Peer 1: 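Here's a structure for you.
FYI, the numbering just counts along the sequence from 1. Here the structure is a predicted model, which is why all the values come from computation and not from measurement.
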Amino acid sequence: MTGVEEMTNYDIGCDVPPKKEINFKKINTWILFLNLVFPLWFFTWIYAVGISDTLFMIMAGCCLSLGVVYKIVRKIGKGKRILTVARCIAFLSIMLYYAPVVLLMGFKQTRPVYELKRWVYLNSNFSAPEEFYGKFLPEKLPSECRDYFFSTQGSVIAQDYHPSSVLMFHTDKAAIDSYAAYYMSLDNVQLKIDEEAQSDIEWMEGFTKMRKHFSYDVSSCELYYYKSRFPVVVLLVRQTGLVVIFT
């Protein structure tokens, strides 16, 4: 057998490694994750920090403790029950950390959680809502409360940003009268009636994007304007029983 034949036979019997094909499925998954899933998670994480740094510290402590417990259990070879408890505590702390975000961004038409949602909103970080907003948002809803809607936003780390809210419902004449008397008793409150309030109503409609909930009949409209860095506006319509509180 010649050398050429030996080379040919050797090449034929040799296993040539196949070329690796580009895994476009993984690439598509990473593109989707980095552009959709990750930004959404990061925004939620930042949003939650703005609501409560206390819950953030609790979550961070529980998660770090889980890592320490895991290393100890792995080193000594026993204590799996303790590790399970640590995992449960860490998981619960994560749920607790994101719970205010879910509460503030959801439950807009759920009356039973109004007081809890109001408390979370008023106690968010990076703001002093009790000084301004707490005086305007009622501690409890009136017994007669129809078409309830309460939209809230927490605090985020941004310049010239403040947590805002929109509370709307219809009630009876007695509740309207009590609200009117209360808001007029506050300092720095300016009362605008009927046509004088029309421009402010249009501003509220555009800013809150809730035009369908506002009354277009301003014949009995009363608007209480509290001037501050971020103004607070209360709209009362005696004819229809509409109450709108914008902070």
Peer 1: Out of curiosity, does Y225 fall in the hydrophobic cluster containing M168 (side-chain heavy atoms, cut-off under 4.5 Å, transitive links)?
Peer 2: yes
Peer 1: Any side-chain to backbone donor/acceptor pair from R118 onto K140? Under 3.5 Å, distance only.
Peer 2: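 Flag not set: sc R118 to bb K140 has no pair under 3.5 Å.
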Peer 1: Look only at the side chain of R111 and the backbone of R146, and say whether a donor-acceptor pair between them is shorter than 3.5 Å.
Peer 2: no
Peer 1: At what distance, to the nearest 0.5 angstrom, does NZ of K75 lie from OH of Y70?
Peer 2: 14.5 Å
Peer 1: As an exercise, state the distance from CZ of R87 to CG of L66, rounded to the nearest 0.5 Å.
Peer 2: 6.5 Å
Peer 1: Within this structure, what is the CG-CG distance for the pair L104 and L116, rounded to the nearest 0.5 Å?
Peer 2: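 Those atoms lie 9.0 Å apart.
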Peer 1: Does the side chain of L191 reach to within under 4.5 Å of the side chain of E222, using non-hydrogen atoms?
Peer 2: yes
Peer 1: Could you tell me whether a side-chain N or O of S151 sits under 3.5 Å from a main-chain N or O of V166, the two making a donor and an acceptor?
Peer 2: no
Peer 1: Provide the closest heavy-atom pair for F169 versus L141 in the form atom of the first, atom of the second, distance.
Peer 2: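 Heavy atoms of F169 and L141 come nearest at CE2-CD2, 4.1 Å.
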Peer 1: Less than 4.5 Å apart, any side-chain heavy atom of Y133 and any of L122?
Peer 2: yes
Peer 1: Do Y114 and L137 have side chains that approach each other closer than 4.5 Å (heavy atoms only, starting at C-beta)?
Peer 2: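 Yes, side chains in contact.
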Peer 1: Do the side chains of I94 and C63 get nearer than 4.5 Å, heavy atoms only?
Peer 2: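 Heavy-atom side-chain distance check passes, below 4.5 Å.
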Peer 1: Check the hydrophobic clustering (I, L, V, M, F, W, Y; side-chain heavy atoms under 4.5 Å; chains of links allowed) and say if L64 and M57 are grouped together.
Peer 2: no
Peer 1: Which heavy atom in Y97 sits nearest to a heavy atom in A48, and how many Å separate them?
Peer 2: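 The pair with the smallest heavy-atom distance is CZ-CB, 3.4 Å.
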Peer 1: Please check if any side-chain donor atom of Y179 sits under 3.5 Å from a side-chain acceptor atom of T171, or the reverse.
Peer 2: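 Their side chains do not contain a donor-acceptor pair, so the 3.5 Å distance test is not met.
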Peer 1: Which heavy atom of P138 sits nearest to which heavy atom of I245, and what is that distance?
Peer 2: CD-CD1, 3.6 Å
Peer 1: Out of curiosity, does I76 fall in the hydrophobic cluster containing V68 (side-chain heavy atoms, cut-off under 4.5 Å, transitive links)?
Peer 2: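 Per the 4.5 Å side-chain linkage, V68 and I76 are co-clustered.
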Peer 1: Do V243 and V237 have side chains that get closer than 4.5 Å, going by heavy atoms?
Peer 2: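 A side-chain contact under 4.5 Å is absent here.
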Peer 1: If you measure from CG on L167 to OG1 on T152, what distance do you get to the nearest 0.5 Å?
Peer 2: 10.5 Å
Peer 1: Counting heavy atoms not belonging to I82, are there more than 12 under 6.0 Å from its CD1?
Peer 2: no
Peer 1: Is there a side-chain contact between W119 and E115 in this structure, where contact means two heavy atoms from C-beta onward sitting under 4.5 Å apart?
Peer 2: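 No, too far: nothing below the 4.5 Å cut-off.
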Peer 1: Rounded to the nearest 0.5 Å, what's the gap from CG on L83 to CD1 on I72? Could you check?
Peer 2: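 That separation rounds to 10.5 Å.
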Peer 1: Give the cluster check for L96 versus F56: same hydrophobic cluster or not, with ILVMFWY residues linked at side-chain heavy-atom distances below 4.5 Å.
Peer 2: yes
Peer 1: Do the non-hydrogen side-chain atoms of F136 and L186 ever get within less than 4.5 Å of each other?
Peer 2: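 Yes, at least one pair of side-chain atoms sits under 4.5 Å.
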Peer 1: Both conditions, 6.0 Å and 45 degrees, for the charged tip of K117 above the ring of F150: are they met here?
Peer 2: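 Checked: cation-pi criterion met.
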Peer 1: In the single-linkage hydrophobic clustering (I, L, V, M, F, W, Y; side-chain heavy atoms under 4.5 Å), do L92 and L55 co-cluster?
Peer 2: no
Peer 1: Give a yes or no on this: more than 12 heavy atoms of other residues, nucleotides or ligands lie within 6.0 Å of atom OH of Y148.
Peer 2: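 Yes, enclosed.
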Peer 1: Looking at side-chain heavy atoms only, is the closest gap between K135 and Y182 below 4.5 Å?
Peer 2: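 Yes, at least one pair of side-chain atoms sits under 4.5 Å.
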